[in-house]
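Reckoned from all heavy atoms, side chains included, excluding hydrogens, waters and symmetry mates. Each chain gets a letter, A, B and so on, in the order the sequences are listed, and its residues count up from 1. These numbers come from a predicted model, not from an experiment.
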Amino acid sequence: MIRKLVTGAVVAGGSMLATTAAFAQEVAEKAAPVPNPGNNAWMMTSTVLVLMMILPGLALFYGGLTRSKNMLSTMTQIGAAAALAMLIWVMWGYSMAFGPTTSEGFIGNFVSSGSLFLSSVTPDSTAATFSDEVISEYVFVSFQMTFAAITAALVLGATVERMKFSAVMVFTAVWLTIVYFPIAHMVWAGGGLLFKLGALDFAGGTVVHINAGVSALVAAIILGKRKGYPSEPMPPHSLTLTMVGTGLLWVGWFGFNAGSELEADGTAGLAMINTFVATASAGLFWMLAEKVSGHKGSALGFCSGIIAGLVAVTPAAGNSGPFGAIVLGAVASIVCFLVVSKLKPKLGFDDSLDAFGIHGVGGIVGAIGTGIVYQPVFGGPGDGSTAMGAQVWIQIQAVLVSLVWAAIGTVIAIYIAKLITGLRVSPEVEQEGLDIGEHGERAYN
Amino acid sequence: MIRKLVTGAVVAGGSMLATTAAFAQEVAEKAAPVPNPGNNAWMMTSTVLVLMMILPGLALFYGGLTRSKNMLSTMTQIGAAAALAMLIWVMWGYSMAFGPTTSEGFIGNFVSSGSLFLSSVTPDSTAATFSDEVISEYVFVSFQMTFAAITAALVLGATVERMKFSAVMVFTAVWLTIVYFPIAHMVWAGGGLLFKLGALDFAGGTVVHINAGVSALVAAIILGKRKGYPSEPMPPHSLTLTMVGTGLLWVGWFGFNAGSELEADGTAGLAMINTFVATASAGLFWMLAEKVSGHKGSALGFCSGIIAGLVAVTPAAGNSGPFGAIVLGAVASIVCFLVVSKLKPKLGFDDSLDAFGIHGVGGIVGAIGTGIVYQPVFGGPGDGSTAMGAQVWIQIQAVLVSLVWAAIGTVIAIYIAKLITGLRVSPEVEQEGLDIGEHGERAYN
Amino acid sequence: MIRKLVTGAVVAGGSMLATTAAFAQEVAEKAAPVPNPGNNAWMMTSTVLVLMMILPGLALFYGGLTRSKNMLSTMTQIGAAAALAMLIWVMWGYSMAFGPTTSEGFIGNFVSSGSLFLSSVTPDSTAATFSDEVISEYVFVSFQMTFAAITAALVLGATVERMKFSAVMVFTAVWLTIVYFPIAHMVWAGGGLLFKLGALDFAGGTVVHINAGVSALVAAIILGKRKGYPSEPMPPHSLTLTMVGTGLLWVGWFGFNAGSELEADGTAGLAMINTFVATASAGLFWMLAEKVSGHKGSALGFCSGIIAGLVAVTPAAGNSGPFGAIVLGAVASIVCFLVVSKLKPKLGFDDSLDAFGIHGVGGIVGAIGTGIVYQPVFGGPGDGSTAMGAQVWIQIQAVLVSLVWAAIGTVIAIYIAKLITGLRVSPEVEQEGLDIGEHGERAYN
Amino acid sequence: MKFIIAVIKPFKLDEVREALSGIGVAGMTVTEVKGFGRQKGQTEIYRGAEYSTNMLPKVKLEIATTDAIAPQVVETIQQVASTEAIGDGKIFVLDLASATRIRTGETGDTAL
Amino acid sequence: MKFIIAVIKPFKLDEVREALSGIGVAGMTVTEVKGFGRQKGQTEIYRGAEYSTNMLPKVKLEIATTDAIAPQVVETIQQVASTEAIGDGKIFVLDLASATRIRTGETGDTAL
Amino acid sequence: MKFIIAVIKPFKLDEVREALSGIGVAGMTVTEVKGFGRQKGQTEIYRGAEYSTNMLPKVKLEIATTDAIAPQVVETIQQVASTEAIGDGKIFVLDLASATRIRTGETGDTAL
Ligand SMILES: Nc1ncnc2c1ncn2[C@@H]1O[C@H](COP(=O)(O)OP(=O)(O)O)[C@@H](O)[C@H]1O
Ligand SMILES: Nc1ncnc2c1ncn2[C@@H]1O[C@H](COP(=O)(O)OP(=O)(O)O)[C@@H](O)[C@H]1O
Ligand SMILES: Nc1ncnc2c1ncn2[C@@H]1O[C@H](COP(=O)(O)OP(=O)(O)O)[C@@H](O)[C@H]1O
């Protein structure tokens, strides 16, 4: 659904202001669409829910998985990266991704411009939804801001327990600029490359999860393993907190997925029920997969499945029927389980909290699977106009483009961070924990 | 208010599809009601709030009360039971409780049918509210789904620290099917037995709390006591987490109670203020009751009162004035206090986390009390057409029916679970904790 | 925006009932405004969000900062004070602050009356917003109730770890009555002193934060220092929980700030984005300030900055552009940092959790700063009709009035509490912890 | 005097304490420890990474006694704490040169 | 050399440490323990279940000293840690056969 | 028999344990403790209040051994646990009068 987006938004919101004021006024007098408070209300709620996913949600999910000596470092990196992303978003991010001036020609595939410092936004300007409705543009800006913030934070799951705080800040700023904003534009903006291609991505499977997952992998490889990994045991210091984080992520994800409809309508309802059942299915299937491979169904397995399901249903939320969603959740869960517990130990990299293993892999399964479950034969809302094979091929292209773009951009961003900050803490700090070494505190006294 | 429910829902939503498509279309063209986004927005928010009650809310509330060696087991059982309930709900639960085809005659009092796998639901189908409005049917399905999920999870409070995970899964599946769906139908569906009787149950005092409480009691008795209970002290491992859970339950309960109006109107506002004050009153009165009986007002007492108040105000939320609610909260709190701290130690059963003592008892007080506070003389919204005595008698009948139904159904469900899984963990696993024994993990490292 | 408030509310809601019933009916038949469900939905959501700020938000934020032996005491005091505030609010608080009968003459500057026990409120009565819209009065009552509750709880941050539970209860009851309700009336009600003066306070910078901060300071001074302060180290027992609380406060604050618009419109959207960016900026600037003064940027610093930013943007939320908000957040953060880490150690008082240092000081910076960022030259929504100097002077007057009123009222309230309860726990209880001494429990077993 | 150090399974603590107070042991000091010995721990799995730890939770008792009752204390602990399963723990006896009650300054047997 | 084990009330820890460093005690090792003795614990009530525990939180100090200053260490602890209330704790002195500093391998008195 | 008490840096625990099992030490008991000595802690800052604590997290090992291998145990710990940085810890050796295995009631060297 999101693919129908943003040209409209731009028309209703920003570009009106790009014309002469007089003309704008005239137009406004005639036609100025007024947001229905119900849609605004839902979108503000959704925005708040996505913030809750970051802090405390993701901070707890990731933090519980680290060792207690790195708990504060993990939570602070997430919080501060998100905060930085918010400031950058209002300064140049919104403009680059959804600015009113669509650049001409080739470059317009990748970025827009024209609303630096939100210059074109007022309390009365609006962004179009997918029907004839509009929502307040400030609400749209806020909603999209939280997406940028959480994506930046997700990447850090692969680099915790060893990356300098200063490096996190530099990396985030560069990475958002050269990776996130262009990909968001490509997928969601009217003139964007993948948008024009016809890729389906309801709530950001590509923009958020594949993107974050791949970037996490690349960053983890460049950064190197944690001292002692994998020989030394590094059990999660509090799975209780990880479960709390999981719950909050699930709760918040409804803002993410059902919010992406931009209206409080029946399709938002569809996105909601899909987000429930795909997740429930994925949580249980991960435990089942553990069982089948001879272990006990674990709490962390349940949590991992929940996240895998949420990730996979993200592009499919409004693009699937409930049973497509259940199957998609189950498949994504099993695939992620295999990657994380069978494949990863064989490969050499240290993706500390499995940002790639779950967000990257789950995102790819979801993106491609969306091409399938979208079809009416599987109960999806598609009208069958694009054949399944063709749609899947479009989806694969979108995945590949994001994959390559994210990988290259991350290499650049991480080397810039290395140049400026040195990237990695000293072995002593790593041994002693980043809480004391980087922040001078202990999480628990 | 809920009693006016679901015949309408069925008409607007499902049954239209049950007629011939052509006719339906015609009707739709003339009259198809469109949901107000404001109501949809509120109902989606409410749905999300109820999920938050389960995970992390209830998981923390219950988990904090267990010993640390059973923390993950408690949280995982709650999460997985809820997940299973969601899948079952879309497969056959919604159909049994709110399906478009109301069975004829006697059986129609107990179940409906006709929407297996949500076959009759589309993004455009709607469910009627109590006025002339409608909401999207997917939203209604999601909202009601969370009720089924939390009720299943509530029961587990009486069986934690000793019931096998596999037994929990089997029990949940059977119990929902033979206990929850029929009771939900009886109370809330147009043709339901208790609905026709005229029982007042705004947000599920009977369906959720009495039901869960009684089932919990029966399950606990069949399962037997925890090893060492009551001679060995089993103090809560983290009252901090229990308080966090309490807070989240209170927050989420507004989705439960004010959401049950199905619209964002003044009655939802009434349900909201009642849910505030009944709860506040109950929290403080429990502490007072402790004080009066010679102890210190305790944190756990405050939390217990909060829950007792929430439970009691559930059937009364839109059926009372604020002062009726305050009194109801206080009374429920004191009664639950007496049962939990005076009566329970004298009886032999081990209702580990007082699922019966609070949800069952508080639910009964609330259900009967609703017959009283509903009256206009007590500031309630009733019109006085049903005399107080008559209404109270109806309420008592409803309580009795649910009580008996839940008790018998639970016996069946638990013995099926015993047959398939053995029901209870081995004494070694119980000693060592279910976290290691059942899930292979520790909550804290 | 809030300054345009409550005369209207009173007209639409209460005062209609103050006239003869017959006349009221007639008016109602002609014009009775019906709330848009979208606005009601947003306001109910906002109300729930503010509750989440209190429990679990503030309880965790404050609780994590105390020593573990006082954890339950801290959380219970917050919860119970909030509960008490809710009961008092419906009994006489709403009447005193927003009652339909505006007292004549001088006294009308400070209190209203006429809705004791919410006698004038029904599910159909409404409160006006700032445009032509209305919301259900019960929703307005609930929303405002949570403000009273959180303000009472905020004060306790300065008095934890040594104040008796009973003293907290007495103090809260008196303080709300003589401090909070009058100040709320003065600032927000149509006839209120500061309202008439033209003070800008979008979401309660003066009413909530300056008020709570100053009262906290006064209470802390009268109560005296904790035993061992400042010689004995009292490190926070769980910064993890403090960070969780911080996240929940941020999340909930959108109910506070964007909810204060009373509608889901573009100005609410503006309040939302300002609340994002001011906070993000403040969080990062506190860490920067630590860095600049030779320390490590700390997790607690980040959290403190977040709160300082939220406090400062409260009066400015809908009265500023995003860049005004960023600057305001940064300035407030740095000022609070200096006060809390440089000034406070030099002064003798023990404001245990910096309720004054952050809420008081941040509130003052915000209130005065609002006079500046409101101006169109700084991108604010003001029309420039009041010159900046004049507006700032109005803001300063409002600050001074609240300061003096809160200080005097607190002295009275605390001495009444002392008279009745003795105020402070015995040295033994303080040594051993209030959890055992006052509540008979331990937080962790 | 003797200083007895016993490492036992945690769930035996209450039983042992009761048995000891039955034979007149007035006090003891208890510490949560991790034991390493013949008994092997459960395998824990976190996302495919297996940790098989031999460090098991135990409880350590420290009891100062008179020479007279020391043998009886050892015997009682041995009997009550035994489940005849591996990992039941050990009892160590050391000579205690002196003991002082902080409250009163008393020393020797009366300080115990 | 002597190995001194002292069980004290937790809030006395800082005072004792300061006093000991005043008389030249360079190091010690501190453990959180639970004490069981004459002193009775508060009664805790959780929803009507009463636990009256006699296990009270204490702090255990372990200090290796030369024979020469051992008596002074005992005396200092006794005096500083005493509140003259029940539950103040105990001091036990054991003979220490040898001591080694891990860093350098030094042994005997200089290792302390 | 000897009762060896070693205080070491936490991250050396695994290495020490492996080395000891290499020389045939069958069991030990491990406690998390706080050490106080020459090594100074990091300064922690909470909103302007500076705490410079000298209490550092350490791990204490208790190992009962036969007289025969005691010297070798001490030496092994000393060598493996040493990082040659301040704060590496200490090893104390006490005489052990008797040892009992709770499971079987065996005493003496065979109980270890
Ligand atoms: N040599 C030793 N020194 C100190 N503690 C020991 C020693 N051997 C065993 N222990 C302690 O005794 C516990 C039980 O020992 P283990 O060998 O597992 O079983 P068992 O005593 O039944 O042979 C261990 O977990 C450890 O705490
Ligand atoms: N026989 C003992 N062996 C080891 N520790 C003991 C012994 N008796 C007492 N303790 C420790 O000393 C503490 C204080 O003892 P208690 O009898 O309560 O008070 P007091 O020492 O003032 O008589 C206890 O909590 C316990 O930790
Ligand atoms: N006299 C002592 N008695 C008991 N434990 C000691 C003593 N001195 C030091 N320790 C323990 O040994 C640890 C290391 O001692 P420290 O003086 O810091 O370093 P080093 O041994 O390298 O000189 C301390 O943290 C403490 O736990």
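Put simply, of C:Pro322, C:Gly283, C:Ala299, C:Ala280, the one with the most heavy-atom pairs under 4.5 Å next to chain A is C:Ala299. Contact count against chain A (heavy-atom pairs under 4.5 Å) is highest for C:Leu284 among C:Asn40, C:Leu284, C:Asn39. Most heavy-atom pairs under 4.5 Å with chain C, from the set A:Gly38, A:Pro123, A:Ala264: that is A:Pro123. Chosen from A:Asp124, A:Thr47, A:Leu49, the residue pairing most often with chain C at heavy-atom distances under 4.5 Å is A:Thr47. The candidate with the highest count of non-hydrogen atom pairs below 4.5 Å against chain C, out of A:Leu241, A:Leu248, A:Leu51, A:Leu55, is A:Leu51. Considering only heavy-atom pairs separated by less than 4.5 Å from chain C, the leading option among A:Ala149, A:Ser238, A:Ala41 is A:Ala41. Top candidate by heavy-atom pairs under 4.5 Å with chain C, chosen from A:Pro56, A:Ser136, A:Pro35, is A:Pro56.
For chain A, the nearby parts of C:Phe276 are the backbone and the side chain; heavy atoms of each come within less than 4.5 Å. Looking at C:Leu270, the atoms closer than 4.5 Å to chain A (heavy atoms on both sides) sit in the backbone and in the side chain alike. In this structure, chain A has no heavy atom under 4.5 Å from any part of C:Ile306. Both the backbone and the side chain of A:Ala443 come within contact range of chain C, judged by heavy atoms closer than 4.5 Å. Only the side chain of C:Met287 has a heavy atom closer than 4.5 Å to any heavy atom of chain A. For C:Pro37, no part sits under 4.5 Å from any heavy atom of chain A, backbone or side chain. Only the side chain of C:Thr45 comes within less than 4.5 Å of a heavy atom in chain A; its backbone stays farther off. Contacts of C:Asn36 with chain A are made by side-chain atoms alone, with heavy-atom separations under 4.5 Å and no backbone atom involved. Heavy-atom distances place both the backbone and the side chain of C:Ala268 under 4.5 Å from chain A. Both the backbone and the side chain of A:Thr76 have a heavy atom closer than 4.5 Å to some heavy atom of chain C. Residue C:Met44 does not touch chain A at all, counting heavy-atom pairs closer than 4.5 Å.
Put simply, the residue from C:Ile273, C:Asn274, C:Val277 that forms a side chain to side chain contact (heavy atoms under 4.5 Å, CB included) with A:Ser142 is C:Ile273.
Here the straight-line distance linking atom CE of A:Met43 with atom CE of C:Met272 works out to 10.0 Å at 0.5 Å rounding. Atom OG1 of residue C:Thr240 and atom CG of residue A:Asp435 lie 8.0 Å apart, to the nearest 0.5 angstrom. Going from atom NZ of C:Lys291 over to atom OG of A:Ser166 covers 6.5 Å, rounded to the nearest 0.5 Å. How far CZ of C:Phe323 is from CG of A:Leu87: 8.5 Å, rounded to the nearest 0.5 Å. Put simply, CG on A:Leu72 and CG on C:Leu300 are 9.0 Å apart, with the number rounded to the nearest 0.5 Å.
Under a 3.5 Å cut-off, the side chain of C:His237 and the backbone N or O of A:Tyr444 do not form any donor-acceptor pair.
Contact check for A:Leu60 versus C:Met243: no side-chain heavy atoms found under the 4.5 Å cut-off.
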